[in-house]
Amino acid sequence: METITALSFKQQIKQGIPSKLPSAKIYETDINHAPKRKEILSDEEKKLALQNALRYFKPEQHEILAKEFLAELNDYGRIYMYRFRPDYEMKARPIKEYPGKCKQAKAIMLMIQNNLDYAVAQHPHELITYGGNGGVFSNWAQYLLTMKYLSEMTDKQTLVMYSGHPMGLFPSHKDAPRVVVTNGMMIPNYSKPDDYEKFNALGVTQYGQMTAGSYMYIGPQGIVHGTTITVLNGFRKIGKEPQGNLFVTSGLGGMSGAQPKAGNIAGCVTVCAEVNPKITQVRLDQGWIDEKITDLDKLVARVKQAKENKETVSIAYLGNIVDVWEKFDKENVHIDLGSDQTSLHNPWAGGYYPADISFEDANEMIAKEPELFKEKVQETLRRHAKAINQHTVKGTYFFDYGNAFLLEASRAGADVMSDNPTIGREFKYPSYVQDIMGPMCFDYGFGPFRWVCASGKPEDLVKTDAIACKVLEKLKKESPQEIKQQMDDNIQWIKGAQENKLVVGSQARILYADAEGRMKIAKAFNKAIKKGKIGTVVLGRDHHDVSGTDSPYRETSNIYDGSRFTADMAIHNVIGDSFRGATWVSIHNGGGVGWGEVINGGFGMVLDGSKDAGRRLESMLFWDVNNGIARRNWARNEGAIFAIERAMKSEPSLKVTVPNLVDEKLLANL
Ligand SMILES: NC(=O)c1ccc[n+]([C@@H]2O[C@H](COP(=O)([O-])OP(=O)(O)OC[C@H]3O[C@@H](n4cnc5c(N)ncnc54)[C@H](O)[C@@H]3O)[C@@H](O)[C@H]2O)c1
């Protein structure tokens, strides 16, 4: 046996899968690990999974590895190839530290490493970035091979990624994407949750979530901004100030962990329940929550005091969210705003923990008694919904946070269905996209634009913040009334961004901007790079955006013409981005609301100050936003009709079909 630590970082990257076996790794217990996955493969299928895993390695290593991988499969339900986890620190390095021939490829390596950084990733050893099962890769061989290919790539090649597996480098051209990623693409009939379990265990597909498998996750900051907007607008919607009012929710994980911080930025009292003690402690240590309480009576007393004193405070309750809703009902603690961000897109494998069972026992039950676990989850969901209903009759405004809460609760037979269901209004409660994000942001083209300073220098981030702020302030002066609130919220956000210390991992920033804002900010960055004021910048966005995602219960839940069950928009988006200049593109099945429930895509774009980058950014960003506005306009969404007409005025070569609206009285009389 030989260890690989004698090699430099660059050499280790270039080596790919080491030719000599590295020493076996100890299973570190102080790391947050993925729960054991469901036992789904037959003995014959396990052999197939082994064959699949072993094809990454030379035959002389198969004897040792076959036994080891089988043990991983039996112990954890998946083959992660822990032995091949590299010894170097996993973090985004300054771009100049990556080996290779192509700057774009180096930027992608940086983004991949950021998604696996221990401070960023949820289960770093299992290559899971967030959402319980959002994988960058399925195993360490895929990681090593991908990094090697990227280090060899020229700017006339494209790396093809099949659900975590690097199929290889193919000749292309300099304007083509450097990487094309697909994750979880299935023949539609094979897209049920158990299909995912089986084909993922076989090692032939993976769940890329949104920004995990597309190398665009920027830590919880990515979601803090959207969550802040949601909480702020949630309070605006019910006509209350956040001060002295209560927001109750759950989950302190990858994305849900942003809720208490957003509550603090908005200025309310936040209670967020979390069953996992390790995760709760991490958020406390990071300063993302202010206090932790483990006793329900103490929680009630503390919340009453905080409301009375109009404190801005976020409290983690270490325990099950159902107990909070029930206790607050019993003790008459009024909840103003309520939601939930457990991972119900993944209900049977640790996304949602049942009440009255310890966290450890529940994890054991997932692996050993999956049917019983499912029953307990559904029983808890019915209790959960009942307690929420008791609050909403007393005036609580509850919204689904895009985590499939209402969908799974309805499947469990909970009382969440609307009395008068129509397409798009099936449930008692709206999703946050139906009431807030859709009509206020997406329909106008505002979405989670983001960038990463690839130099790794905090001062570059400060400079880009200032550039973006200047652009937005200028744009605001000419903005129509319809988008002024958005502009104001984002200018305020970018001004406070440094102070709120949002960076975890790479030097990244997010803000919501429309097509014009995104293009103007990107252009200004490219100019600053050319002048040597800042280093290379990587642009991107969350898939959770105007055009990137077709998801009937989330991003496209405010589409009421019946087309929300189609996925043409997301597919067009990724194809359109790829021939308009994206550096990498990705398209995923699953993400947020679950396997088979959503198709979502995104891009990354490297700005290096060149003319080529300037040309690409204009062409691609315009399409990337206006595709979705055009579709939302065709669905008769008022804001989108306004926005697409405005876009057509600004760009005469854009010609979009606009709907003719029918007088509802005419239909009523038929
Ligand atoms: N933040 C957003 O804006 C946003 C937007 C859309 C969707 N979502 C969805 O929110 C969900 C959460 O995402 P995440 O990345 O935080 O996932 P995650 O798995 O990292 O975190 C969920 C957390 O909920 C905890 N939990 C599960 N059941 C619980 C229970 N009964 N009581 C208390 N805690 C419980 C888990 O221990 C876990 O830490 C996902 O389904 C995601 O798609 C979030």
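Numbering of ligands and ligand atoms starts at 1, following listing order.
Residue-to-ligand polar distances place Gln341 within reach of ligand 1: an N/O pair is separated by less than 3.5 Å. The distance criterion of under 3.5 Å between nitrogen or oxygen atoms is not met by Gly251 with respect to ligand 1. Backbone and side-chain nitrogen or oxygen atoms of Tyr130 are examined, and none is located within less than 3.5 angstrom of a nitrogen or oxygen of ligand 1. Where the criterion is an N or O separation shorter than 3.5 Å, residue side chain and backbone included, Gly254 meets it with respect to ligand 1. Among the atoms of Ser250, none of the N or O lies under 3.5 angstrom from an N or O of ligand 1. Residue-to-ligand polar distances keep Gly350 apart from ligand 1: every N/O pair is separated by 3.5 Å or more. Of the polar atoms of Ser256, at least one N or O is found under 3.5 Å from an N or O of ligand 1, judged by distance alone. When only interatomic distances are considered, the shortest N/O to N/O separation between His345 and ligand 1 falls below 3.5 Å. Not one N or O of Asn276 is nearer than 3.5 Å to an N or O of ligand 1, by distance alone. At least one N or O atom of Arg554 sits closer than 3.5 Å to an N or O atom of ligand 1.
When all heavy atoms of Gly505 and Val503 are compared, the closest pair comes out as O-CG1, 3.7 Å.
The shell of residues lying under 4.0 angstrom from ligand 1, judged by heavy atoms, includes Gly319. Residue contacts with ligand 1 leave out Ala258, since none of its heavy atoms falls under 4.0 Å from the ligand.
The distance from ligand 1 to the heavy atoms of Asn403 drops below 4.0 Å at these ligand atoms: 9 (C), 10 (O), 11 (C), 41 (O). Less than 4.0 angstrom separates some heavy atom of Gly351 from each of these atoms of ligand 1: 27 (C), 28 (N).
Counting protein heavy atoms only, atom 34 (N) of ligand 1 is closest to Val275 N, 3.4 Å. The shortest contact between atom 43 (O) of ligand 1 and any protein heavy atom is with Gly592 CA, 2.8 Å. Atom 14 (P) of ligand 1 has its closest protein heavy atom at Met255 N, 3.4 Å. In this structure, the protein non-hydrogen atom closest to atom 37 (O) of ligand 1 is Glu274 OE2, 2.6 Å. The protein non-hydrogen atom at the shortest distance from atom 2 (C) of ligand 1 is Ile223 CG1, 3.3 Å.
For the 3.5 Å distance criterion, the side chains of Gln206 and Asn183 qualify, holding a donor opposite an acceptor. Remark: the Gln434 side chain and the Tyr429 side chain contain no N/O donor-acceptor pair separated by less than 3.5 Å. Using modelled atom types, one finds a donor on one side chain and an acceptor on the other under 3.5 Å when comparing Asn490 with His225.
Checking each of Asp443, Asp545, Asp550 against Arg632 for a salt bridge (Lys or Arg N to Asp or Glu O under 4.0 Å) leaves exactly one that passes, namely Asp443.
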